[in-house]
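Down below is the structure, laid out as structure tokens.
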There are 2 protein chains.
Amino acid sequence: MDTDQKIMQIPLPTLKRLPIYYQYLTKMEREGVRDVSCAKIARDLGLVAVQVRKDLQLTGAVGRPKTGYQVSRLMRALSSTLGYDNKTEMFLVGAGSLGKALMGYKRFQEYNIGIAAAFDASEAAVGLEIGGTPVLPLSKFPSLCHRMHVKFGVICVPAEAAQEVADMMVSSGIEAIWNFAPVTLDVPDTVIVHNENLTASLSILLNKYKTSHPESERD
Amino acid sequence: MDTDQKIMQIPLPTLKRLPIYYQYLTKMEREGVRDVSCAKIARDLGLVAVQVRKDLQLTGAVGRPKTGYQVSRLMRALSSTLGYDNKTEMFLVGAGSLGKALMGYKRFQEYNIGIAAAFDASEAAVGLEIGGTPVLPLSKFPSLCHRMHVKFGVICVPAEAAQEVADMMVSSGIEAIWNFAPVTLDVPDTVIVHNENLTASLSILLNKYKTSHPESERD
DNA sequence: TTAGTATCGATATAATATTATCGATATAAA
DNA sequence: TTTATATCGATAATATTATATCGATACTAA
């Protein structure tokens with residue numbers, strides 16, 4: 001009854017901030033900090049205290065006046081909300097440079113997330129092992145996916161191949177897709193898609209820069 | 001006076017959608033489509049027409065009743081708003097697997113964006129050349145950055161080193177930072193920071209999955 | 001023990017973003 | 001030429017998110 005496992009719909013903007021709080025708390029914990037207030041979190045992360053408090057309330061975390069939140073309890077509330085409690089195994093398709101980078105990304109382990117295997121259509125990639133993750137032939141995906149009950153798929157293939165891979169993932173039992181290809185995937189609405197579009201993201205920076213430096217607009 | 005270069009503050013949610021429209025239009029153009037309506041865009045991208053129309057209005061694009069928007073003109077409006085018109089050169093620090101993946105990312109070129117050089121503190125990485133981008137010793141960053149008037153920096157170093165790198169970038173003249181390290185950077189507010197946090201992003205998917213599959217919560 | 005204060009939690013207000021509505025206009029068909 | 005209709009552009013209504021305010025509570029120090 002401590003960390004109430006109530007499932008609730010968390011606003012997306014809040015949801016985007018929660019992992020930031022978690023990472024911040026990891027650092028605090030390492031430094032031996034016991035308790036932390038909204039005011040301090042907000043100051044360190046460039047936010048405002050009220051917003052932090054409201055965000056944290058949505059995770060079921062409770063603080064104490066004058067003291068703030070107990071770091072360890074707050075982290076439990078956050079990790080529960082963010083799904084770090086349960087081990088998450090993912091299958092990745094597309095062992096190009098980005099796919100390889102993700103395979104080698106150590107940080108996922110800290111959150112109980114792992115890339116169980118990678119798959120690629122090209123002979124050249126198959127057989128490699130990156131960061132302990134083997135690259136298997138794409139044809140093995142469906143059977144292995146069913147057998148291992150993997151529910152998370154990562155798409156790192158070029159745009160042209162992405163929909164096809166998504167279809168294969170869905171028919172193999174994948175229920176949530178992390179998509180790095182710059183296309184809008186068409187999947188049943190029982191399947192959750194989260195798009196990661198690096199170029200799109202960079203564009204935001206370009207626009208912000210442009211907007212804040214209008215003088216550079218001379219041409 | 002056709003594509004009015006007015007600089008205006010575009011709401012962040014809209015700004016995030018604009019590159020998606022652009023990518024979509026690229027595809028349409030390739031397929032030889034001349035005109036496209038909000039309704040079609042919305043249908044294909046999983047949005048609603050009114051929102052698309054409102055977003056596009058902010059770019060200064062004008063459409064015609066019954067016909068929709070002319071693809072080529074719409075793309076010009078978008079590329080202008082998103083800053084694809086001017087060549088953008090970036091300096092990247094941290095030639096680990098993620099840094100290398102970015103260096104090899106062909107797609108940036110389509111948007112007039114390039115990684116001019118990469119920098120790394122380790123001897124092992126220096127001297128490599130990935131996707132045509134050389135890896136130089138970190139010590140060369142300040143002088144080269146000043147000399148080449150590079151204004152965009154990409155941080156791909158571990159969390160511990162990120163602030164230090166950011167400081168160096170700022171003092172070298174960098175004015176906009178694309179940060180892949182999971183830390184909140186402390187920079188002057190004349191410098192724009194855009195954070196890319198892969199773990200945080202993945203967490204959103206975990207939460208969405210968890211929220212939509214409450215039965216898997218049994219433990 | 002009591003007064004002072006930092007902080008939370010809840011409620012209220014304001015700002016922002018989304019969605020709905022409707023008149024105006026350009027094309028197509030009668 | 002006239003009528004019908006798809007679509008835009010603008011305005012209005014709604015929903016969502018962010019911020020401000022304030023009472024309640026727990027710690028600190030006199």
Side-chain angles (χ1 to χ4, degrees), chain A residues 2-4 6 8-18 20-21 24-25 28 33-75 77-78 81 204 207-208 211, chain B residues 2-4 6 8-21 25 28 33-75 77-78 81 204 207-208 211:
Chain A
D2 183 6
T3 327
D4 195 350
K6 184 158 26 161
M8 54 168 75
Q9 184 69 10
I10 291 181
L12 193 57
T14 292
L15 193 50
K16 286 183 180 169
R17 286 187 295 267
L18 295 185
I20 315 291
Y21 299 140
Y24 172 79
L25 290 169
M28 288 298 114
V33 177
R34 277 280 174 79
D35 302 276
V36 67
S37 71
C38 286
K40 178 165 167 52
I41 297 176
R43 210 178 320 117
D44 291 344
L45 297 180
L47 303 168
V48 294
V50 196
Q51 186 172 53
V52 174
R53 191 150 55 236
K54 207 145 176 280
D55 287 345
L56 296 183
Q57 271 170 22
L58 290 168
T59 68
V62 283
R64 299 171 66 174
K66 189 83 182 188
T67 313
Y69 296 85
Q70 193 181 327
V71 171
S72 58
R73 285 185 56 184
L74 187 47
M75 286 184 75
L78 281 166
T81 304
I204 295 171
N207 175 280
K208 281 190 195 164
T211 308
Chain B
D2 184 5
T3 329
D4 195 352
K6 185 159 25 162
M8 55 168 75
Q9 184 70 12
I10 291 181
L12 193 57
T14 292
L15 192 50
K16 286 183 180 167
R17 285 187 295 267
L18 295 185
I20 314 292
Y21 299 140
L25 290 170
M28 288 298 113
V33 177
R34 277 280 173 81
D35 302 277
V36 66
S37 72
C38 287
K40 177 165 168 52
I41 297 177
R43 209 176 322 116
D44 291 345
L45 297 180
L47 303 169
V48 293
V50 196
Q51 186 172 55
V52 174
R53 191 149 55 235
K54 205 144 181 281
D55 286 344
L56 296 183
Q57 272 170 23
L58 290 168
T59 68
V62 283
R64 299 170 66 174
K66 189 85 181 186
T67 313
Y69 297 86
Q70 194 181 327
V71 172
S72 59
R73 287 184 56 183
L74 188 47
M75 287 185 75
L78 282 165
T81 303
I204 295 171
N207 176 279
K208 283 191 195 162
T211 308

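Computed from a predicted model, the values in this text were never measured in an experiment. Here is how names work: the chains are called A, B, and so on, in the same order as the sequence lines, proteins then strands, and each is numbered from 1.
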Which residues share a side-chain hydrogen bond (donor to acceptor under 3.5 Å, both in side chains) with B:Thr67, sequence neighbours left out: none
State which residues pass side-chain hydrogen bond (donor to acceptor under 3.5 Å, both in side chains) with A:Tyr69; sequence neighbours excluded, sorted by chain then number. none
Run the side chain to side chain contact (heavy atoms under 4.5 Å, CB included) test on A:Thr81 and B:Asn207 for me, step by step, so that the C-alpha distance in whole Å, both residues' side-chain angles and the decisive distance to 0.1 Å come before the verdict. CA-CA 7 Å; A:Thr81 304; B:Asn207 176 279; 3.7 Å; yes
Taking C-beta and beyond as the side chain, do [X] and [Y] meet within less than 4.5 Å on heavy atoms?
X       : Y       : result
B:Leu18 : B:Ile10 : yes
A:Leu45 : A:Val52 : no
A:Lys54 : A:Leu58 : no

Toward the 5' end of DNA chain C, by each residue's nearest nucleotide, B:Arg17 or B:Arg53: B:Arg17
Residues in side-chain contact (heavy atoms from CB on, under 4.5 Å) contact with B:Val48, at least two apart in sequence or another chain: B:Gln51
Across all chains, not counting sequence neighbours, the side-chain contact (heavy atoms from CB on, under 4.5 Å) partners of A:Lys16 are A:Leu12, B:Lys16, B:Ile204
How sharply is the helix from C:dT1-D:dA30 to C:dA30-D:dT1 bent, taking the axes over five pairs at either end and rounding to 10 degrees? 10°
Quick tally for nucleotides 24-30 of chain D: nucleotides whose base has a protein heavy atom under 4.0 Å get B, sugar-phosphate-only ones S, the rest -, giving -BBB---
Would you please name every residue forming a salt bridge (Lys or Arg N to Asp or Glu O under 4.0 Å) with B:Arg17, sequence neighbours left out? B:Asp55
If you look only at pairs with a residue in residues 36-48 of chain A, which of them pass as a salt bridge (Lys or Arg N to Asp or Glu O under 4.0 Å), with sequence neighbours excluded? A:Lys40-A:Asp44
Output the distance between atom [atom1] ([X]) and atom [atom2] ([Y]), rounded to the nearest 0.5 Å.
X       : Y       : atom1 : atom2 : value
B:Asp35 : B:Lys66 : CG    : NZ    : 13.5 Å
B:Leu47 : B:Arg53 : CG    : CZ    : 13.0 Å
A:Leu25 : A:Leu74 : CG    : CG    : 5.0 Å

Within residues 43-50 of chain B, which residues have any heavy atom lying less than 4.0 Å from an atom of DNA chain C? B:Val48, B:Val50
Give the first and the last nucleotide of DNA chain C, reading 5' to 3', that has any atom under 4.0 Å from a heavy atom of chain B. C:dA17 to C:dT27
In whole Å, I'd like the distance from the NZ atom of A:Lys54 to the P atom of D:dT17. 9 Å
